[in-house]
Amino acid sequence: MIVLIGFLVWSGCATLSGSNDQFFVCSYDVVWDAALESVKDRPIQVKDKDKGLIETAWIEIEGTERSYGAFQREAFGSRERARMTVAVKRLNDVTSVSVLENRQRWHLKGGVSQQANKWWPIDPSEEAEAMVVNRLQNKLKEKGCVAS
């Protein structure tokens, strides 16, 4: 029973990080190029190969309408924005890649306060992260790299 609780706590902490981590038996340069290719549909804001960091600029997208509060009032629109962060790291015999999407929604709460007029963090899109990871895996598979 203690082992089960320990596993649940450990796995819960791992999922709190929010990133989608992948490991590949492949050279850093090949993985770096594939990581850049995997986010080519978004404008790149940071591209630092020495630090292993790729960050896209914010892109605005149409979100889903959501209501809020006890009376399920309508929000003020459905504007969302998202950006991807991809970290590539050299390990002993493998290269790791972490993919994380940051997503925000505009004007989620009502009212006239300053808190009503700003971007509010929301959960990342699992579909968007999976799309980047799938592109990465496919590109590296073409290059003969093995996921570990």
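Only this structure's heavy atoms are used, side chains among them; waters, hydrogens and symmetry mates stay out. Keep in mind the model is a prediction, meaning the values are calculated, not measured.
- Lys143 NZ to Asn138 CG: the interatomic distance, rounded to the nearest 0.5 Å, is 13.0 Å.
- Note: the hydrophobic cluster containing Val133 does not contain Val94 (ILVMFWY, side chain heavy atoms under 4.5 Å, direct or indirect links).
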Notebook entry, point to check: Given Gln45 and Thr56, is the side-chain contact (heavy atoms from CB on, under 4.5 Å) satisfied, shown in steps?
Noted result: CA-CA 5 Å; Gln45 184 174 358; Thr56 68; over 6 Å; no
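- We find the CZ-CH2 distance between Arg105 and Trp119 to be 9.5 Å, quoted to the nearest 0.5 Å.
- At a threshold of 4.0 Å, the pair Glu55-Arg83 counts as salt-bridged, since one of the basic side-chain nitrogens sits closer than that to a carboxylate oxygen.
- For the pair Ala82 and Arg42, the tightest heavy-atom approach, listed with the atom from each and the gap, is O-NH1, 4.0 Å.
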Stepwise side-chain contact (heavy atoms from CB on, under 4.5 Å) test for Asp21 and Ser96: CA-CA 7 Å; Asp21 299 335; Ser96 75; over 6 Å; no
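- At distances below 3.5 Å, not a single donor-acceptor pair connects side-chain atoms of Ser98 with backbone N or O atoms of Asn20.
- When every heavy atom of Ser38 is checked against every heavy atom of Ala35, the shortest pair comes out as OG-O, 2.6 Å.
- Side-chain atoms of Gln137 and Gln22 include a donor-acceptor pair closer than 3.5 Å.
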Exercise. Under the side-chain contact (heavy atoms from CB on, under 4.5 Å) criterion, do Glu80 and Ile122 qualify, and how do the steps go?
Worked result: CA-CA 9 Å; Glu80 291 182 6; Ile122 60 174; 3.6 Å; yes
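- Put simply, the side chain of Ile44 does not reach to within 4.5 Å of the side chain of Val46, judged on heavy atoms.
- Hydrophobic clustering keeps Phe24 apart from Met131 (ILVMFWY residues linked when any side-chain heavy atoms are closer than 4.5 Å, directly or through intermediates).
- Note: Leu36 CG to Lys47 NZ = 6.0 Å, rounded to the nearest 0.5 Å.
- At a threshold of 4.0 Å, the pair Asp41-Arg135 counts as salt-bridged, since one of the basic side-chain nitrogens sits closer than that to a carboxylate oxygen.
- To the nearest 0.5 angstrom, Cys26 atom SG is 12.5 Å from Asp93 atom CG.
- A salt bridge links Arg79 to Glu60: one of the charged nitrogens lies within less than 4.0 Å of a carboxylate oxygen.
- For the pair Asp29 and Lys49, the salt-bridge criterion is met [side-chain N within less than 4.0 Å of a carboxylate O].
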Apply side-chain contact (heavy atoms from CB on, under 4.5 Å) to Thr95 and Phe23, showing your working.
CA-CA 6 Å; Thr95 304; Phe23 299 90; over 6 Å; no
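- When atom types are taken as modelled, the side chain of Glu129 and the backbone of Leu100 share no donor-acceptor pair closer than 3.5 angstrom.
- Linking ILVMFWY residues whenever their side-chain heavy atoms come closer than 4.5 Å, directly or via other members, leaves Ile54 and Trp58 in distinct clusters.
- Between Arg103 and Asp123 the shortest side-chain heavy-atom distance does not fall below 4.5 Å.
- Following chains of ILVMFWY side-chain contacts shorter than 4.5 Å, one can reach Val25 starting from Leu91, so the two form part of one hydrophobic cluster.
- When all heavy atoms are compared, the tightest approach of Val31 to Leu136 is O-CD1, 4.4 Å.
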